[in-house]
Amino acid sequence: RPEQCVQNLLKIMRGEVPYERTKGINARIFDQPAQEAQALLVADARFVIETYEPRTMLSTAELAALTADAGSFRFTAEIENQG
């Protein structure tokens with residue numbers, strides 16, 4: 001299912017997949033301030049989804065801090081099937 005493929009893509013950190021080093025999210029984004037990280041993460045997620053799962057398109061994405069002092073966050077993405 002395309003939804004499962006997108007979920008898997010968003011759990012992979014860039015550099016983890018041999019012979020496909022650009023697949024996954026750039027881990028360096030998480031060291032940025034929250035405001036910058038949000039924009040970078042959405043752009044990176046859009047690149048990964050459009051490149052590796054052409055059956056879908058990212059419609060909305062949001063990064064929310066769960067606890068500011070602990071550095072926890074939640075990334076929510078909505079996708080649309082392309083056919």
Side-chain angles (χ1 to χ4, degrees):
R1 293 186 5 245
E3 297 85 7
Q4 185 64 50
C5 292
V6 168
Q7 192 174 40
N8 290 338
L9 285 169
L10 295 177
K11 291 179 180 179
I12 297 170
M13 290 296 124
R14 188 160 293 153
E16 286 184 330
V17 181
Y19 304 109
E20 196 65 60
R21 297 294 181 185
T22 59
K23 185 181 271 190
I25 300 297
N26 186 349
R28 293 180 181 168
I29 291 173
F30 301 111
D31 288 336
Q32 303 295 321
Q35 296 298 329
E36 292 176 33
Q38 165 117 14
L40 292 171
L41 186 59
V42 170
D44 207 36
R46 185 174 310 281
F47 164 76
V48 170
I49 291 169
E50 289 176 358
T51 303
Y52 295 104
E53 187 47 70
R55 298 177 290 178
T56 64
M57 184 177 81
L58 184 66
S59 57
T60 61
E62 180 181 320
L63 181 67
L66 298 178
T67 55
D69 56 336
S72 298
F73 67 93
R74 178 183 62 234
F75 181 69
T76 307
E78 291 183 23
I79 58 169
E80 297 174 10
N81 288 331
Q82 293 295 316

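At least one donor-acceptor pair under 3.5 Å links the side chain of E16 to the backbone N or O of M13. Between the side chain of R14 and the main chain of I25, no donor-acceptor pair closer than 3.5 Å is present.
Nearest heavy atoms, L10 versus A45: CD2-CB, 3.8 Å.
The distance from atom CG of L9 to atom CD of Q4, rounded to the nearest 0.5 Å, is 10.5 Å.
I12 and V42 sit in two unconnected hydrophobic clusters of ILVMFWY residues. Membership requires side-chain heavy atoms under 4.5 Å apart, directly or through other members. Both I49 and F47 are assigned to one and the same hydrophobic cluster, defined by single-linkage of ILVMFWY side chains at heavy-atom distances under 4.5 Å.
In terms of the side-chain contact (heavy atoms from CB on, under 4.5 Å) criterion, residue partners of P2 (sequence neighbours excluded) are, by chain and number, E53, R55, T56, N81.
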